[in-house]
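The structure under discussion appears below in the form of structure tokens.
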Number of protein chains: 4
Amino acid sequence: MAASAASLKEKYQRILDAAVEVIAENGYFNSPVSAIAARAGVADGTIYLYFKSKDDVLRTAIDASFNRFHQQVLEQFETITDPREQLLYIAQVHLDTSTADRNMAILMQTEVRQSARFIAEFSHHHLVKYIQLVREVIRRGQSQGIFRKDVSDGIVAHCMFGAIDELLSSAVFTGRIYDAKTTAAQVLNVLLNGITSGREHAS
Amino acid sequence: MAASAASLKEKYQRILDAAVEVIAENGYFNSPVSAIAARAGVADGTIYLYFKSKDDVLRTAIDASFNRFHQQVLEQFETITDPREQLLYIAQVHLDTSTADRNMAILMQTEVRQSARFIAEFSHHHLVKYIQLVREVIRRGQSQGIFRKDVSDGIVAHCMFGAIDELLSSAVFTGRIYDAKTTAAQVLNVLLNGITSGREHAS
Amino acid sequence: MAASAASLKEKYQRILDAAVEVIAENGYFNSPVSAIAARAGVADGTIYLYFKSKDDVLRTAIDASFNRFHQQVLEQFETITDPREQLLYIAQVHLDTSTADRNMAILMQTEVRQSARFIAEFSHHHLVKYIQLVREVIRRGQSQGIFRKDVSDGIVAHCMFGAIDELLSSAVFTGRIYDAKTTAAQVLNVLLNGITSGREHAS
Amino acid sequence: MAASAASLKEKYQRILDAAVEVIAENGYFNSPVSAIAARAGVADGTIYLYFKSKDDVLRTAIDASFNRFHQQVLEQFETITDPREQLLYIAQVHLDTSTADRNMAILMQTEVRQSARFIAEFSHHHLVKYIQLVREVIRRGQSQGIFRKDVSDGIVAHCMFGAIDELLSSAVFTGRIYDAKTTAAQVLNVLLNGITSGREHAS
DNA sequence: AATGAATGAGTGTTCATTCAT
DNA sequence: AATGAATGAACACTCATTCAT
């Protein structure tokens with residue numbers, strides 16, 4: 001019975017993993033359900049015992065991935081309180097997570113943006129949450145006098161996400177390996193330097 | 001005869017424009033060739049007189065768009081020589097172009113990232129050229145003593161592209177209107193502040 | 001043990017009833033076995049312990065229903081002997097049965113006619129028995145001098161069945177409620193009038 | 001060009017004919033679109049150039065068939081005015097049409113009643129028109145004093161349709177050949193005898 | 001050059017039936 | 001006896017591409 005329960009769980013997860021793998025390789029529209037099923041080692045129909053539709057599989061995988069990220073950040077925020085360190089931590093986890101699950105990173109870099117609207121709109125929610133997280137940190141830093149007050153928290157947040165996302169994307173496409181900690185440090189070095197109070201640009 | 005040649009040119013361009021429009025609206029995989037043909041006011045088969053395949057249409061459209069961007073930047077670099085102003089100019093044109101051709105911007109934000117490998121890999125070339133352009137500017141600034149030398153030109157270049165691209169992406173998804181000049185100024189304000197010499201972060 | 005046997009019987013019948021219900025609602029081809037199982041409160045697989053196939057369930061249900069009808073008529077024929085009254089009785093039971101088990105009536109009016117040959121051909125047997133029953137009554141009436149001898153017993157039998165069946169069908173489709181006794185009387189009024197001896201039509 | 005137009009018309013009709021044939025043989029739900037296409041000698045996809053859906057093919061075929069019937073009756077009613085002869089004519093055309101297009105007759109006897117609700121409900125409209133046609137004739141006969149006034153025109157109409165329909169059905173299933181004129185005469189003989197004025201049944 | 005009818009391979013999803021538990 | 005997870009064949013419909021006109 002324990003075996004049965006385990007096997008149930010296992011199959012659900014196997015389908016999710018297979019989907020991420022196959023879709024990362026070929027793209028959502030070029031990944032027939034039958035290919036996902038084959039990779040997972042189940043029959044085509046079995047997918048529909050665990051998921052409502054092909055879309056549902058992808059949605060679930062993305063959801064889970066983002067939630068893990070979000071969860072991890074929130075937990076650590078209880079011990080890390082300095083806004084600069086918080087931003088650094090977000091960048092690190094962002095890059096780390098993607099290193100750990102390369103397929104999911106590819107998938108996020110490709111499908112998530114793509115015009116399969118159902119996914120794009122849905123995954124936009126996650127992005128919004130990410131951006132909000134960063135904006136709050138920045139506003140806190142501004143009110144503490146750490147960050148310049150003459151830059152928009154929204155713009156900075158988008159810049160930070162965009163910069164890291166682009167580095168990831170580039171690494172994904174070129175297959176380059178990077179060190180999450182070092183890379184995060186470099187990006188934040190520039191960014192923090194740019195927004196730290198008392199160094200306003202005279203343009 | 002002149003009319004015939006003109007009409008040829010015209011039809012070729014009409015198909016490209018129609019493709020960008022339709023694909024921006026519905027996504028590549030949800031845009032039948034027949035829909036593109038209808039929008040262009042030609043028969044389905046006619047598309048294949050001008051292009052090898054559906055892919056080829058999209059590829060050509062993206063090529064043309066990027067080349068226009070690249071051309072414009074290179075031309076202006078003959079009169080703008082200060083590295084800081086050059087970066088600002090790139091950012092402005094990047095945002096401007098996307099404002100001017102909203103459909104192409106949508107398409108770039110969605111399809112281009114998509115794992116339809118043929119496009120993703122292909123459009124990566126354009127990105128590489130963009131990044132190289134920026135890196136050269138940064139290295140020039142570093143050798144002139146304007147920019148800090150302790151940051152990687154590659155990372156900064158990716159950050160700059162990523163930041164702008166993400167702002168665009170966000171604007172595209174939310175339908176928000178932005179002012180290209182102001183937005184470019186804000187991003188560059190942070191970035192230049194972050195990499196300007198003599199302000200090294202003490203982390 | 002008695003309980004077990006009862007439960008066996010019970011489950012068998014529950015499946016039959018559920019099948020008639022579900023199929024009457026959605027049609028044979030739109031009624032998954034799983035829906036029948038759910039309605040019967042058993043597992044999908046259980047159905048195959050009692051029946052050979054989905055077809056078999058429907059066949060059995062129709063068989064039972066017709067046999068009840070046939071049985072009832074034969075029993076009553078021991079006390080009703082006048083051919084005219086016998087025909088009236090058949091018509092009444094035909095309509096009555098369908099009123100009492102509306103779902104079965106719907107099912108007979110729809111699935112039974114359907115070209116799912118296995119059913120159509122099979123249920124044709126029942127119709128043949130019905131027609132023969134009526135023909136015998138008519139021939140008896142003819143030999144007793146009650147009915148005209150210049151009309152084919154076969155044709156009259158088909159007419160009678162067809163007339164009643166069509167009234168039923170119409171009632172089923174429109175959802176109209178009818179009074180079995182009155183309706184039977186009206187049909188037989190016309191029919192008996194038409195075949196009663198001494199009133200030959202002069203056409 | 002004439003050939004092209006003819007071929008167009010031809011293909012449309014070939015698909016309709018093939019559909020009626022195949023569906024008459026196997027039933028709607030057991031007739032894959034591919035089988036219809038094969039019978040018509042076209043590719044599967046071609047069906048969808050001429051019809052919106054599989055349903056649409058069947059609907060169109062039934063529509064055309066009934067409309068031919070209805071048309072023929074209405075035309076002849078301009079020269080036949082006696083209610084008795086009108087009823088006889090309807091019966092004859094009903095049986096004739098079905099003899100001429102045996103497949104359509106089978107199809108009407110099977111699919112049309114079937115719980116594929118989309119068809120059942122749709123074809124019900126045709127039946128209603130048929131019944132109304134007959135009812136009007138009967139009411140005219142009643143007001144002219146030819147037919148008894150103590151029987152419901154609706155019930156008689158349903159009886160007439162049901163009787164003929166059942167004879168047809170029986171012939172279809174058994175493969176029996178019948179003579180439309182003779183059969184119609186026999187049914188009407190009974191029916192007219194039953195409803196002719198001055199012969200009220202004394203029940 | 002231009003057309004658009006025709007093709008047929010390809011895909012998401014359903015469901016009757018089986019079988020290990 | 002009973003379950004229900006698993007199977008995989010089947011099917012309606014779409015669409016990129018071709019080619020006769």
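Here is how names work: the chains are called A, B, and so on, in the same order as the sequence lines, proteins then strands, and each is numbered from 1.
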Specify the separation, in whole Å, of atom [atom1] of [X] and atom [atom2] of [N].
X        : N       : atom1 : atom2 : value
Leu49(A) : dT7(F)  : CG    : P     : 9 Å
Tyr12(D) : dA5(E)  : OH    : P     : 15 Å
Asn26(D) : dA10(F) : CG    : P     : 15 Å
Ile47(A) : dA9(F)  : CD1   : C1'   : 16 Å
Arg14(D) : dA5(E)  : CZ    : C1'   : 13 Å
Ile15(D) : dA5(E)  : CD1   : P     : 13 Å

Letter by letter from the 5' end, nucleotides 12-17 of chain F scores (B base, S sugar-phosphate only, - none; protein heavy atoms under 4.0 Å) SBBSSB
Is the side chain of Thr60(C) donor-acceptor paired with the backbone N or O of Asp56(C) at a distance under 3.5 Å, no angle test?
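A pair under 3.5 Å: yes.
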Is the side chain of Tyr28(D) donor-acceptor paired with the backbone N or O of Asp55(D) at a distance under 3.5 Å, no angle test?
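Indeed, once roles are kept as given, a pair shorter than 3.5 Å links the two residues.
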Sequence neighbours left out, what pairs pass salt bridge (charged side-chain N to carboxylate O under 4.0 Å, His left out) with at least one residue falling in residues 28-39 of chain A?
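Sorted pair list: Glu21(A)-Arg39(A), Glu25(A)-Arg39(A).
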Given pairs defined as Watson-Crick or G-U wobble with both distances under 3.5 Å, what dot-bracket annotation applies to DNA chain F, with ( ) intrastrand, [ ] crossing, | other strand and . unpaired?
.||||||||||||||||||||
Measure the acute angle between the ring planes of Tyr12(A) and Tyr50(A), then classify it against the limits of 30° and 60° as parallel, tilted or perpendicular.
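Tilted: the ring planes of Tyr12(A) and Tyr50(A) meet at 30° to 60°.
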Residue Tyr50(A), side-chain atoms from C-beta onward, closest of dA6(F), dA2(E), dA2(F):
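Minimum distance to the Tyr50(A) side chain belongs to dA6(F).
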Quick check on dA2(E): is either OP1 or OP2 less than 4.0 Å from any side-chain nitrogen or oxygen of Lys11(B)?
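Yes.
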Ring pair (Phe, Tyr, Trp, His ring centres under 6.0 Å) with Tyr48(D): which residues, sequence neighbours excluded?
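Scan of Tyr48(D) (ring pair (Phe, Tyr, Trp, His ring centres under 6.0 Å), adjacent residues dropped) gives none.
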Residues which pass side chain to side chain contact (heavy atoms under 4.5 Å, CB included) with Ser31(C), listed by chain and number, not counting sequence neighbours
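Here the qualifying residues are Val22(C), Ile23(C), Asn26(C).
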Taking side chain to side chain contact (heavy atoms under 4.5 Å, CB included) as the definition, give me every residue that meets it alongside Asp44(B), ordered by chain and number, with sequence neighbours left out.
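Partners of Asp44(B) by the side chain to side chain contact (heavy atoms under 4.5 Å, CB included) criterion, ordered by chain and then number, come out as Ser34(B), Ala37(B).
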Can you tell me how far apart CE (Met104(B)) and CD1 (Ile106(B)) are? Round to the nearest 0.5 Å.
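Reported value, rounded in 0.5 Å steps: 11.0 Å.
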